[in-house]
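Just so it is clear: chains get the letters A, B, ... in the order the sequence lines come, proteins before strands, and each one is counted from 1. Everything quoted here is computed from the prediction, not taken from an experiment.
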Protein chains: 2
Amino acid sequence: MAVRGAVPEVIWARPERTGRGPKPAYTRDDIAAAAVRIADAEGLDAVSMRRVAAELGCGTMSLYNYVPRKEDLYELMVDAAGGEHAPWEPSGDWRADMRRVARQTRELMHRHPWLPRLMSPVYGFSPNALRYLEHCLACLDPLEERYGTKLELIAMLNGMVTTYVRNELDTAERVRALPWSEDEENAARIAYLGSRIATGAYPRMAAAFTEDAGPIDLEAVFERAVERVIDAFAPR
Amino acid sequence: MAVRGAVPEVIWARPERTGRGPKPAYTRDDIAAAAVRIADAEGLDAVSMRRVAAELGCGTMSLYNYVPRKEDLYELMVDAAGGEHAPWEPSGDWRADMRRVARQTRELMHRHPWLPRLMSPVYGFSPNALRYLEHCLACLDPLEERYGTKLELIAMLNGMVTTYVRNELDTAERVRALPWSEDEENAARIAYLGSRIATGAYPRMAAAFTEDAGPIDLEAVFERAVERVIDAFAPR
DNA sequence: CCCTCACTAAGTACAGCGTACGTAGTAGCC
DNA sequence: GGCTACTACGTACGCTGTACTTAGTGAGGG
């Protein structure tokens with residue numbers, strides 16, 4: 001007589017349908033789509049078991065027949081988002097393909113701003129993650145390196161893109177819960193930063209901020225970072 | 001008559017002591033230290049306003065006199081951890097100094113496994129973050145590049161280290177709440193991965209995993225990644 | 001054919017969370 | 001000395017994840 005849930009299980013190993021009993025009212029995709037819809041519209045914090053169940057139109061506890069823990073719901077969401085990755089026939093130019101991968105991932109994360117926060121290596125085995133990984137490896141066929149190196153390249157590129165987009169979106173996502181706007185939050189922080197720098201305690205930072213007062217070109221910074229990661233693995 | 005908390009404020013801009021009234025029983029450092037102690041010992045999820053107040057030995061709501069929102073408590077924690085960064089006199093060899101910075105950050109995060117999860121650019125203005133940033137810039141004095149480039153290097157190195165350590169620690173941290181061990185969790189996932197690969201749908205991944213079945217040398221992977229980031233900014 | 005039993009569905013309940021609000025007491029300033 | 005800003009903190013509300021329970025359903029085995 002095992003204690004309920006005492007055995008570790010991967011949600012993907014669970015069959016969606018077992019022979020007996022009435023057939024489930026929802027598919028895993030239905031549930032993931034509902035959760036993604038809520039997160040896109042109202043932010044990740046709005047995704048609760050109750051809210052997702054309501055979105056589906058079923059009782060809260062019925063959800064637990066499909067998703068044993070909330071953590072697994074997150075895993076479904078990440079996989080669903082990963083399903084939007086559209087693979088293509090590798091071009092033979094692995095550099096160009098990697099650039100395209102990076103840009104596609106960034107766009108995906110802009111479409112689903114909660115995604116960077118949920119990204120975890122733990123979710124790396126989901127069906128769409130595997131599909132994505134295999135596609136990246138296919139793109140890297142022309143790169144004459146060991147698979148270990150290729151995996152390191154993919155991990156580093158992914159990590160960099162995730163970190164980068166997180167920096168782009170984090171304030172916007174976190175400010176949802178606050179009674180003031182993102183601009184006000186930023187203004188308050190910049191003002192404080194200015195007052196600190198004015199003390200003269202940080203001469204190099206002061207120089208950095210006076211060097212170029214113009215607005216930062218996020219697009220260009222991103223492209224540069226991608227190029228650097230690529231070059232780091234195969235200098236020209 | 002302003003609505004309470006309707007004006008954005010940075011916790012660091014709040015004076016710790018205003019003239020009037022009885023003198024506060026705790027300093028900001030006391031509070032941060034208590035929260036860090038709890039997070040180190042019981043994991044980040046154990047850090048609640050009630051728990052921290054209990055650790056300090058005061059009523060729950062008294063904490064709100066020091067920390068207007070829980071978010072700010074997190075900010076205090078990150079800054080406190082950042083205070084453990086021990087700066088040194090730049091050696092003149094910026095590459096060596098950057099390696100040392102990366103290693104020190106990694107050690108810091110191993111000491112405080114909750115830190116990667118809390119890392120956010122939003123906290124980049126805290127006193128210790130500023131101190132750290134200035135130190136990095138000082139180490140980069142010999143690198144003949146614009147400040148913009150130097151900041152990009154620091155951001156990329158930091159981001160890479162954070163992502164990397166997160167990958168190292170995430171499963172361990174997340175498994176705290178579960179009724180099984182990290183090893184069991186990993187075993188379940190690896191087993192599932194094996195079953196997927198056995199289908200033959202992922203030939204390149206299959207090749208990658210048969211190429212080298214030995215245990216991964218995390219230390220070596222980390223050092224390689226650091227070297228790559230450094231080289232990406234100043235190829236030799 | 002029908003009985004059995006695995007399964008779905010959903011309600012109730014509990015412990016814990018962040019925090020708004022109100023009240024009581026304290027100490028520096030005019 | 002009193003005004004007043006401040007600290008301290010108990011109560012309460014709405015929310016969370018989820019354990020447990022009960023009722024109903026429908027395919028498989030005899």
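- Considering only side-chain N and O atoms, A/Ser62 lies under 4.0 angstrom from the phosphate OP1 or OP2 of C/dA10.
- Distance from the side chain of B/Tyr66 is smallest to D/dA8 among D/dG17, C/dT8, D/dA8.
- Taking only side-chain atoms of A/Ala25, from C-beta outward, the nucleotide of C/dT12, C/dA9, C/dT19 with the closest atom is C/dA9.
- Heavy-atom distances to DNA chain C give each of B/Lys23 and B/Glu71 a nearest nucleotide, and the one nearer the 5′ end belongs to B/Glu71.
- Salt-bridge annotation for A/Arg117 and A/Asp45: present, with a side-chain N of the basic residue lying under 4.0 Å from a carboxylate O of the acidic one.
- Comparing atom distances between the B/Thr60 side chain and each of C/dT19, D/dT18, D/dT16 picks out C/dT19 as nearest.
- Looking at the side chain of A/Asn65, the nearest of the listed nucleotides C/dA9, D/dT18, C/dT19 is C/dA9.
- Considering only side-chain atoms of B/Cys58, the nucleotide from D/dT18, D/dC9, C/dC17 that sits closest is D/dC9.
- Distance from the side chain of A/Pro22 is smallest to C/dC7 among C/dA20, C/dG18, C/dC7.
- A salt bridge links A/Asp72 with A/Arg69: the distance from a Lys NZ or Arg NE/NH1/NH2 to an Asp or Glu carboxylate oxygen falls below 4.0 Å.
- The nucleotide whose nearest atom lies closest to any side-chain atom of B/Met61 is, among D/dG17, C/dC21, C/dG18, C/dC21.
- At a threshold of 4.0 Å, the pair B/Glu168-B/Arg106 counts as salt-bridged, since one of the basic side-chain nitrogens sits closer than that to a carboxylate oxygen.
- Distances shorter than 4.0 Å separate none of the side-chain N or O atoms of B/Arg69 from OP1 or OP2 on C/dT19.
- Seen from the ring of A/Phe125, B/Arg196 does not count as a face-on cation partner, given the 6.0 Å and 45° thresholds.
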